[in-house]
2 protein chains.
Amino acid sequence: MLNSQVMDVQPRRRLTRAEAKARTRTLLLDAAAEVFARKGFAGASVEEIAETAGFSIGAFYSNFANKDELFVELLSTHSRNQIAESARLMDERAEGKRGLGQQLINAADEDFPLLEAEFWLYSVRNPQVATALAERMREPREALKTLVGEALRRLDPPVIDIDVPVSVVVASLFAGLVRQRRIDPDSVPAELYDQALHWLFAGIAAERAQPQG
Amino acid sequence: MLNSQVMDVQPRRRLTRAEAKARTRTLLLDAAAEVFARKGFAGASVEEIAETAGFSIGAFYSNFANKDELFVELLSTHSRNQIAESARLMDERAEGKRGLGQQLINAADEDFPLLEAEFWLYSVRNPQVATALAERMREPREALKTLVGEALRRLDPPVIDIDVPVSVVVASLFAGLVRQRRIDPDSVPAELYDQALHWLFAGIAAERAQPQG
DNA sequence: GTCTATACGTCGATAGAC
DNA sequence: GTCTATCGACGTATAGAC
């Protein structure tokens, strides 16, 4: 699921050695994402990951040094996909608030939030991983910042010199709502995210139009 | 830490059998909260929990059926503390937006966010636990809803008939910002939460003052 | 009620065959 | 490159002494 977009898992011609190994890696990463989401990092065994991918333990260890290395690789792939998602959003619509509600609904139904929680915990518990992750998250964060910046410039009156990280608020709100919806869908209606963003931007615009203490 | 407020761990007179056992339970729960935060649910061993509390494995199993039971109890205690926190906030100040920034900073430095992430994952993976947790979270959620309702009524013009769960937005934003600050403190300035709430409420007020499509 | 000792299973990782 | 077999470490849970 997570990695199959990088490489076709069912190519038509015979595979070279390198291609076959890369395919095994990809399948192991996909399987790991699923098992980690279901069992958690510590709860997932190398054996289950390997068997889910259709391989043996030996195949696993010929592709990864250990479970940690695979997890970090999964983590970076995850970040890369976040970049792609942000970029896609920016390309399709630069309006900043349209169709985001649906994205929330979709996100809450996937394994992603589980993996993200797992990644977050792993990062907090392994500071050296946290710095590496922060490094990789810089690009998607900048992309979101640009997107939010454009939305602010489109306000009436335009806001161009704001020094508060509104994009961080947006990202945090999204992540928080996704988690809440996962455990209690009824408490997070489909339009809630859109509505909250609308208010947030309206509040910023109102403050600029008529500054108050 | 988490449970010691319920019972004095160093009473002055001699303990009865029941009191001694209850004290052991409490100490085991405190230790478990710490170890779960550090190692995660699956990663925490019963042995480490028991030893952190100053007891043996046998003492653990004479107080809890297994690790799961202790975890669920910890979960409910956690929810109860959330209620207390919400209530305290409501009593001290009904302003809805004052001093909340500091609460964010404090929360990000504690073990709480780690435990919450662990609890969330556990709930998502164990649906029967999720429903029980949702039940226990109803009271603090209602408390927050009341608090936010009062803040809305204090707006100009007052908002009294809103059918959007603003309190869910507030809670989700808080949780999201706490997590973000934990892995990258610089990205979440101390005033960000207060500022975001200010904008959110200003946006709601602006919409009511001058409805727009 | 709590401790020590231990049975039993599972997991991570390795070695050697193919 | 991948598989099977296996080792050593560790974890849960129990049994019986005190």
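Numbers restart at 1 for each chain; the letters A, B, ... are given by sequence-line order, proteins then strands. Below, all heavy atoms of this structure are taken into account, side chains as well, without hydrogens, waters or symmetry copies.
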In whole angstrom, what separates [X]'s [atom1] from [N]'s [atom2]?
X: B/Tyr61; N: D/dA13; atom1: OH; atom2: P; result: 4 Å
X: B/Phe60; N: C/dT4; atom1: CZ; atom2: C1'; result: 18 Å
X: A/Phe55; N: D/dT2; atom1: CZ; atom2: P; result: 6 Å
X: B/Glu69; N: D/dT12; atom1: CD; atom2: C1'; result: 15 Å

- Query: Would you say a side-chain N or O of A/Thr24 is under 4.0 Å from OP1 or OP2 of D/dT2?
  - Reply: yes
- Is there a side-chain polar atom (N or O) of A/Ser56 under 4.0 Å from OP1 or OP2 of D/dT4?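 No, A/Ser56 has no side-chain N/O under 4.0 Å of OP1/OP2 on D/dT4.
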- Query: Quick one: on DNA chain C, does B/Gly54 or A/Glu47 contact a more 5' nucleotide (nearest heavy atom)?
  - Reply: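 Going by which nucleotide is closer to the 5' end, it is B/Gly54.
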Pick out the pairs of N or O atoms, protein on one side and nucleotides 5-10 of chain C on the other, that lie under 3.5 Å.
none

- Message: Nearest to the B/Asn66 side chain among D/dT2, C/dG12, D/dA13, which nucleotide is it?
- Response: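 Of the candidates, D/dA13 comes closest.
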- Could you check which of D/dT12, C/dC3, C/dG12 has an atom nearest any side-chain atom of B/Ala59?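 So the side chain of B/Ala59 is nearest to C/dC3.
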Could I get a table of every N or O pair under 3.5 Å where one atom is in the protein and the other is in nucleotides 16-18 of chain D?
none

- Query: With a 4.5 Å limit on heavy-atom distance, are the side chains of B/Asn66 and B/Val46 in contact?
  - Reply: no
- Message: One thing to verify: whether A/Glu150 and A/Arg153 come together as a salt bridge, which I'm taking to mean a side-chain N less than 4.0 angstrom from a carboxylate O.
- Response: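 Looking at A/Arg153 and A/Glu150, the cut-off is not met.
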